[in-house]
Amino acid sequence: MKPLEQIFPAERAARYREKGYWTGETFPALLRERAERFGDRTALVHRDTRISYARMAEAAQRFGAGLLAQGLKPGDRVLIQLGNTPEFFTAAFGLFAAGMIPVYALPAHRRTEIEHLLTRSEACGLIIPDKADGYDYRALAAELWDVVPGLKHVIVAGDPAETGFAAMAEIDGDPATLPEDPDPQSVAFLQISGGSTGLSKLIPRTHDDYIYTLRESARICGLTPDSVFLAVLPVGHNFTMSSPGTYGAFYAGATVVLGHSPVPDAAFPLIAKEGVTITALVPPLALLWLDAAERLKPEIPTLEVLQVGGAKFLSESARRVKPVLGCTLQQVFGMAEGLVNYTRLDDDEETIVTTQGRPISPDDEILVLDDAGTPVPDGTPGHLLTRGPYTINGYHDEPGANARSFENDHYRSGDIVIRRADGYLTVQGRAGDHINRAGEKISAEEVEDHLLAHPGVFDAVVVSIPDAHLGERICAFVKPRDGQTLKPVELRKFMRARQIAAFKIPDEIRFVDGFGITAVGKISRRQLRSQLRAEVLADEAAQQ
Ligand code: OOB
């Protein structure tokens with residue numbers, strides 16, 4: 001197994017400890033300590049089930065010990081593909097308690113993504129629901145069982161039916177068998193990247209670095225044990241997990257309400273019923289909530305903070321949050337690789353609506369550089385690079401991507417930002433070729449690869465197009481092979497059959513005879529993408 005590491009240069013690691021950012025806390029210790037301190041208080045609410053801190057910790061520890069009894073070992077990696085249900089936390093904290101490493105996948109992922117993540121992480125286990133949103137995850141696991149040799153344990157939250165897989169409810173062991181707490185500087189879990197090229201990369205986060213973000217996020221977002229955080233975005237995503245998210249809420253001893261749907265008709269009554277004080281949305285959902293609230297005038301006086309992040313929230317929309325929902329907007333600009341920026345709750349309204357906040361840590365060292373790598377003056381757009389106490393120094397086992405994304409000890413995020421003199425950042429767009437579709441990051445190259453696999457496709461170029469609802473949508477330009485006629489519906493069906501997450505299927509497919517240049521090879525795909533994107537924008541402008 002390739003070792004998991006996240007190596008911070010010694011001088012910086014020493015500084016982060018000295019300054020009290022890294023405190024030596026670990027996830028298993030955090031779980032025990034919170035169970036002792038907040039025992040009977042409610043940690044989790046899911047439909048009619050309420051779970052106390054003591055019960056959550058006990059369930060996790062028993063599950064972790066049960067995994068050991070099944071033959072899994074500390075250090076083993078286990079992929080969790082669960083939705084917003086209590087089992088997600090039993091699984092994640094159970095793995096922590098047993099010294100194992102969770103790898104977080106999203107419920108929308110399908111065979112292609114899951115196979116890649118299992119293989120790359122060398123996971124020996126997979127934890128799935130039985131069925132969710134009409135999709136049978138057991139069938140997916142059964143296919144993977146045959147093709148991923150390292151996969152030895154499939155655990156089903158719910159009914160394993162005839163698969164022969166283990167039922168999560170039956171995995172049970174004696175917490176006395178759990179190992180000692182891990183080294184706080186060791187890797188706690190693998191998060192996945194949005195990715196601008198190819199499939200997701202694995203992001204190793206350590207106990208020390210991640211728990212620092214939880215502690216600071218809980219403070220910046222004003223969490224107390226009386227706060228109630230509603231999770232409607234997938235709990236496996238870094239935003240919902242740690243900014244402050246569910247883990248930040250646990251850090252503070254607060255209550256997490258698991259929402260089963262982000263639509264206003266479901267969320268508003270849940271906010272009212274549970275007295276939710278803070279929740280997190282991506283911009284398209286925030287727009288949906290704003291429009292619904294104008295119509296429905298919901299009684300949600302407990303809601304103090306609405307966080308919006310994952311993609312750019314335009315200032316005109318941001319301005320509506322306070323008057324329409326009656327709560328404070330907090331913009332969150334973060335990345336699973338580390339750096340998270342927040343507008344602060346007491347910032348002036350202009351800062352809240354026009355910026356994406358400033359970093360968590362005084363030791364987040366932000367650079368804004370021009371194309372040649374020279375720092376630009378404040379107020380001028382440039383490439384964002386960063387290093388700091390919770391930003392990774394490399395992806396797991398990705399020499400090529402690491403050479404592209406890390407330079408002089410800094411991570412290049414691919415974002416174009418403007419920095420104000422006081423350190424607040426405004427995101428201008430992306431330098432790279434990824435599409436941010438309602439907060440889901442999609443690599444243009446990956447979608448092109450799927451299209452090119454179709455026998456009738458000669459070439460394909462995928463671009464992002466600004467979209468009023470989604471923020472950006474996926475537009476594919478496809479040149480069919482000579483003599484072939486293709487239909488969009490046929491290509492979409494073909495892509496679905498390749499078992500990829502549905503959010504990667506192009507929203508729009510345009511057929512072209514060629515790409516307007518004789519030798520495609522002579523210009524980079526990146527140039528081609530920006531040229532085609534400009535053509536669509538010109539078309540759209542002409543139609544208005
Ligand atoms: C969050 O994490 P990822 O890893 O899915 O995506 C990171 C990328 C950023 O590099 C940026 O391109 C984009 O998502 N992004 C934003 C944004 N927040 C994220 N772009 C504009 N405005 C924003 N507010 O998306 C994530 C992780 C932790 C907290 C929040 C979001």
Side-chain angles (χ1 to χ4, degrees), residues 104-106 108-109 190-197 200-203 205 209-210 213-214 216-217 220-221 229 231 233-248 278-286 306-315 317-318 321 329-343 351-360 364 366 381 383-386 390-392 395 401 405 411-418 424-444 464 466 470-472 501 503:
Y104 300 120
L106 296 173
H109 287 146
L190 294 169
Q191 196 44 285
I192 62 172
S193 76
S196 48
T197 54
S200 289
K201 296 176 278 291
L202 297 169
I203 298 174
R205 300 289 302 261
D209 92 68
Y210 209 67
T213 72
L214 301 182
E216 284 304 295
S217 296
I220 291 168
C221 304
F229 175 80
L233 298 174
V235 290
H237 188 270
N238 199 58
F239 182 17
T240 332
M241 187 175 288
S242 64
S243 305
T246 58
Y247 288 14
I278 173 168
T279 188
L281 298 176
V282 288
L285 282 174
L306 175 69
Q307 299 185 295
V308 180
K312 172 88 177 210
F313 197 35
L314 296 174
S315 57
S317 312
V321 170
L329 167 68
Q330 180 172 53
Q331 298 216 41
V332 190
F333 163 42
M335 49 208 72
E337 286 81 356
L339 180 70
V340 179
N341 302 275
Y342 294 104
T343 56
T351 298
I352 289 177
V353 301
T354 60
T355 80
Q356 276 67 57
R358 65 179 160 87
I360 288 180
D364 281 318
I366 306 278
H383 300 270
L384 172 68
L385 283 85
T386 184
Y390 59 98
T391 294
I392 59 165
Y395 294 107
S405 301
Y411 168 61
R412 178 183 281 264
S413 80
D415 295 300
I416 304 291
V417 300
I418 291 180
Y424 279 76
L425 300 174
T426 303
V427 182
Q428 299 290 295
R430 291 278 310 174
D433 291 319
H434 89 194
I435 300 142
N436 190 334
R437 184 183 188 276
E440 303 282 8
K441 318 306 179 314
I442 300 147
S443 141
S464 67
L470 297 166
E472 289 178 354
F503 60 73

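For clarity, every value in this text was computed on a predicted model and none was experimentally measured. For ligands, and for the atoms within them, numbers begin at 1 and follow the listed sequence.
The backbone N or O of Thr343 lies less than 3.5 Å from a partner atom in the side chain of Gln330, making a donor-acceptor pair. Within the 3.5 Å criterion, the main-chain N or O of Ala336 finds a donor-acceptor partner in the side chain of Arg205. Using a distance-only test at 3.5 Å, with no hydrogens or angles considered, a donor-acceptor pair links the side chain of Glu472 to the main chain of Asn436. For Gln191 (side chain) and His237 (main-chain N/O), no donor-acceptor pair under 3.5 Å exists by modelled atom type. With hydrogens and angles ignored, the 3.5 Å screen pairs a side-chain donor or acceptor of Lys312 with a backbone N or O of Val427.
Pro244 and Tyr342 get closest at one heavy-atom pair: N-OH, 3.7 Å. Closest non-hydrogen pair, Phe333 versus Leu384, comes out as CZ-CD2, 3.8 Å. A pairwise comparison of heavy atoms in Cys221 and Gln307 identifies SG-NE2, 3.7 Å as the closest pair. In terms of heavy atoms, Arg430 sits closest to Ser413 at NH1-O, 2.9 Å.
Protein heavy atom in closest approach to atom 25 (O) of ligand 1: Lys441 NZ, 2.9 Å. In this structure, the protein non-hydrogen atom closest to atom 29 (C) of ligand 1 is Ser243 OG, 3.4 Å. Nearest non-hydrogen protein atom to atom 18 (N) of ligand 1 is Gly310 N, 3.0 Å.
Contact atoms of ligand 1 toward Lys312: 20 (N), 21 (C), 22 (N) (distance under 4.0 Å to a heavy atom of the residue). Near Gln356, the atoms of ligand 1 lying under 4.0 angstrom from a non-hydrogen atom of the residue are 22 (N), 24 (N). Atoms of ligand 1 found under 4.0 Å from any heavy atom of Arg430, numbered from 1 in the order shown, are 10 (O), 12 (O). Close contacts of ligand 1 with Asn238, meaning ligand atoms under 4.0 Å from a residue heavy atom, involve 27 (C), 28 (C). Contact atoms of ligand 1 toward Asn436: 13 (C) (distance under 4.0 Å to a heavy atom of the residue).
For Glu440, the heavy-atom gap to ligand 1 stays at 4.0 angstrom or more. The shortest heavy-atom distance from Gln331 to ligand 1 is not under 4.0 Å.
Both the backbone and the side chain of Ala336 come within contact range of ligand 1, each with a heavy atom under 4.0 Å. With a 4.0 Å cut-off on non-hydrogen atoms, Ser242 does not touch ligand 1 at all. The part of Val427 lying near ligand 1 is the side chain, judged by heavy-atom distances below 4.0 Å. If you look at Met335 next to ligand 1, the close heavy atoms, those under 4.0 Å, come from the backbone and the side chain alike.
Counting only non-hydrogen atoms, the option in Gly309, Gly334, Ser200, Ala280 that gets closest to atom 19 (C) of ligand 1 is Gly334. The nearest non-hydrogen atom to atom 22 (N) of ligand 1, considering only Ser193, Gly194, Ala311, comes from Ala311. Selection from Thr426, Val332, Asp415 by nearest heavy atom to atom 24 (N) of ligand 1 gives Val332.
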Worksheet entry | Chi angles and distances behind the side chain to side chain donor-acceptor pair (under 3.5 Å) call for Tyr390, Asp364 | CA-CA 8 Å; Tyr390 59 98; Asp364 281 318; 2.7 Å; yes
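Note that CG of Leu285 and CG of Leu306 are 10.0 Å apart. Values are rounded to the nearest 0.5 Å.
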